[in-house]
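The structure appears below as structure tokens.
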Amino acid sequence: MKNGLEDVIAAETQLSDVDGEAGRLIIRGVSLDHLVADGTYEGVAALLLDGLMEKSFDEAELRDWLAQARTRIFGHIKAADAALLALPPVDAMRALIARLPDGEDFDTALSLLAAPAVFLPAILRLQRGKRPIAPDASLSQAADILRMLTGKLPTGEQTAALATYLVTISDHGLNASTFASRVIASTQAGLTSSVLAAVSALKGPLHGGAPGPVLDMLDAIGTAENAYPWLGEALDRGERLMGFGHRIYRVRDPRADALKGALKPLISTGQVNSARGALAEAVEVAALAILKARKPNRPLDVNVEFYTALLLEALGFPREAFTGVFAIGRTVGWLAHAREQALDGRLIRPRSVYIGPLPAAA
């Protein structure tokens with residue numbers, strides 16, 4: 001037995017491989033660096049779902065069908081009443097997803113791919129007293145998300161940055177939310193149930209709820225000169241440095257480099273506050289130096305959360321919505337794993353070891 005199932009193999013998968021020693025992520029046989037260089041969200045979605053649904057399709061077909069699904073899904077926004085809008089964005093988004101039929105077919109999968117992309121921008125606008133914006137079926141998923149959020153057509157650099165993020169976090173081994181998705185799928189519940197379980201796992205601060213505090217840390221540090229003393233004092237207090245360290249990676253998280261690269265065009269074209277970028281660079285350098293000195297036997301490097309926070313902030317998402325944006329990208333991975341489990345796996349039913357009291361002898 002291993003508490004937390006550390007290193008326990010619970011599934012065979014063709015979807016993604018996380019090599020923590022080498023710092024490498026492979027999705028369906030393609031390395032992450034190639035995916036972010038040449039791919040789109042629709043492309044990685046087609047790659048992940050290939051062969052797992054009842055019909056075959058290519059990237060172009062999926063883009064068209066997904067755009068149409070966004071248009072259909074928008075009608076559910078009318079259910080966003082005052083009680084729902086009083087919830088945190090990810091909880092409100094989850095509540096709207098729960099309205100969708102719980103099927104196993106391709107149309108259900110399309111609806112679930114479209115739902116968080118439509119619901120989250122609409123919820124954020126409604127919570128600010130603004131009217132939601134209907135989807136534009138002529139746009140890619142990434143471009144339409146930004147347009148529905150801001151009311152303006154995004155620049156090419158903004159669209160590319162969000163697309164890179166969605167590709168980068170599309171799948172990542174058997175993490176907590178993906179495992180939750182597979183557990184539900186193994187019971188032969190529908191895809192909507194699998195996605196709802198996954199969102200519920202994702203919102204926990206030890207999983208997908210962590211990028212926002214990276215910005216809180218940067219705000220508290222304030223200036224590059226303050227990075228070393230602030231970080232040192234945080235470690236003295238026993239606090240974790242947000243955006244550093246990972247359960248699997250023993251070296252730098254490859255997703256961090258992909259997102260750092262996606263930020264560069266925004267910075268070079270003046271679409272991001274350059275001072276914010278410079279502060280982040282200084283904090284990264286200081287944190288790595290301090291962690292190496294203080295914890296020489298622990299491999300603590302930059303993880304995906306650090307540059308996720310900066311990228312999503314640069315694109316106009318409030319930090320309380322970061323977990324919801326994560327869900328937009330990861331839903332395709334959850335769906336692929338759910339289908340893989342349903343097609344090839346068994347009911348997931350591990351055993352526990354009882355350590356409680358025994359009944360008194362007669």
Side-chain angles (χ1 to χ4, degrees), residues 20 23-25 32-33 36-37 155 157-158 160-162 164-165 167-169 205-323 325-326:
R24 183 179 63 185
L25 172 60
L32 178 64
D33 55 345
V36 298
T155 65
E157 294 84 5
Q158 290 170 332
L162 182 57
T164 295
Y165 174 72
V167 168
T168 297
I169 52 95
L206 296 185
H207 188 13
V214 170
L215 298 183
D216 298 337
M217 180 179 71
L218 293 180
D219 291 342
I221 293 172
T223 65
E225 295 74 21
N226 196 34
Y228 275 95
W230 192 97
L231 294 168
E233 291 169 7
L235 290 176
D236 290 341
R237 294 190 298 269
E239 296 175 6
R240 175 190 168 195
L241 301 187
M242 305 308 296
F244 297 88
H246 193 275
R247 179 81 169 261
I248 302 298
Y249 290 114
R250 306 273 73 86
V251 293
R252 190 177 179 90
D253 187 334
R255 300 170 299 172
D257 286 332
L259 298 180
K260 188 175 183 179
L263 269 168
K264 288 181 179 178
L266 294 174
I267 295 172
S268 65
T269 56
Q271 298 178 63
V272 175
N273 185 335
S274 59
R276 190 68 153 172
L279 173 61
E281 292 264 11
V283 170
E284 178 185 358
V285 170
L288 293 179
I290 292 171
L291 289 169
K292 184 176 181 179
R294 297 276 194 102
K295 304 176 186 292
N297 297 320
R298 291 185 62 190
L300 297 169
D301 212 317
V302 180
N303 64 36
V304 69
E305 295 162 1
F306 191 77
Y307 283 104
T308 288
L310 290 161
L311 187 144
L312 296 184
E313 178 187 52
L315 293 175
F317 291 100
R319 58 193 73 182
E320 66 269 18
F322 287 179
T323 302
V325 188
F326 195 138

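For the numbers below, each heavy atom of this structure counts, side chains included, while hydrogens, waters and symmetry mates do not.
In this structure, NZ in Lys264 is found 15.5 Å from CD in Glu157, a value given to the nearest 0.5 Å. Rounded to the nearest 0.5 Å, atoms CG (Asn303) and OG1 (Thr308) are 8.5 Å apart. How far CG of Leu310 is from CD of Glu284: 9.5 Å, rounded to the nearest 0.5 Å. Atoms CG and CG, on Leu311 and Leu162 in that order, are 7.5 Å from each other to the nearest 0.5 Å. Rounding to the nearest 0.5 Å places CD1 of Ile290 at 6.5 Å from CG of Leu235. For the atom pair CD (Gln271) and CD (Gln158), the distance works out to 5.0 Å, reported to the nearest 0.5 Å.
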List the steps, then state whether side chain to side chain contact (heavy atoms under 4.5 Å, CB included) holds for Phe306 with Asp253. CA-CA 10 Å; Phe306 191 77; Asp253 187 334; over 6 Å; no
Take Val167 and Thr164, measure what side chain to side chain contact (heavy atoms under 4.5 Å, CB included) needs, and give me the verdict at the end. CA-CA 5 Å; Val167 168; Thr164 295; 5.8 Å; no
For the pair Tyr307 and Arg255, evaluate side chain to side chain contact (heavy atoms under 4.5 Å, CB included) and give the outcome as yes or no after the intermediate values. CA-CA 9 Å; Tyr307 283 104; Arg255 300 170 299 172; over 6 Å; no
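Among residue pairs with one or both ends in residues 267-298, none qualify as ring-ring contact (aromatic ring centres under 6.0 Å, His included); sequence neighbours excluded. Among residues at least two apart or in separate chains, salt bridge (Lys or Arg N to Asp or Glu O under 4.0 Å) pairs with a member in residues 220-236 are Asp236-Arg294.
Ala314 and Val272 make their closest contact through CB-CG2, 3.5 Å (heavy atoms, listed as atom of the first residue, atom of the second, distance). The two residues Ala287 and Leu241 come nearest to each other via the heavy atoms CB-CD1, 4.2 Å. Closest approach of Leu32 and Ala258 over heavy atoms only: CD2-CB, 4.4 Å. Taking all atoms of both residues into account, the shortest heavy-atom contact from Ala286 to Leu231 is CB-CD1, 3.8 Å. Closest approach of Ala161 to Leu266, counting heavy atoms only: CB-CD1, 3.9 Å.
For Tyr165, the side chain to side chain donor-acceptor pair (under 3.5 Å) criterion is met by no residue, not counting sequence neighbours. Remark: Asp219 engages Arg276, Arg319 in a salt bridge (Lys or Arg N to Asp or Glu O under 4.0 Å) (not counting sequence neighbours). Glu281 meets the salt bridge (Lys or Arg N to Asp or Glu O under 4.0 Å) test with Lys260; sequence neighbours excluded. Residues satisfying the salt bridge (Lys or Arg N to Asp or Glu O under 4.0 Å) test with Arg298, not counting sequence neighbours, are none.
Between Phe322 and Phe317, the ring centre distance reaches or exceeds 6.0 Å.
Only one option out of Leu25, Leu259, Asp257 pairs with Val304 in a side chain to side chain contact (heavy atoms under 4.5 Å, CB included); it is Leu259.
Side-chain contact between Lys292 and Leu288 is absent, with no heavy atoms from C-beta onward closer than 4.5 Å. With a 4.5 Å cut-off on side-chain heavy atoms, Trp230 and Thr223 do not count as touching.
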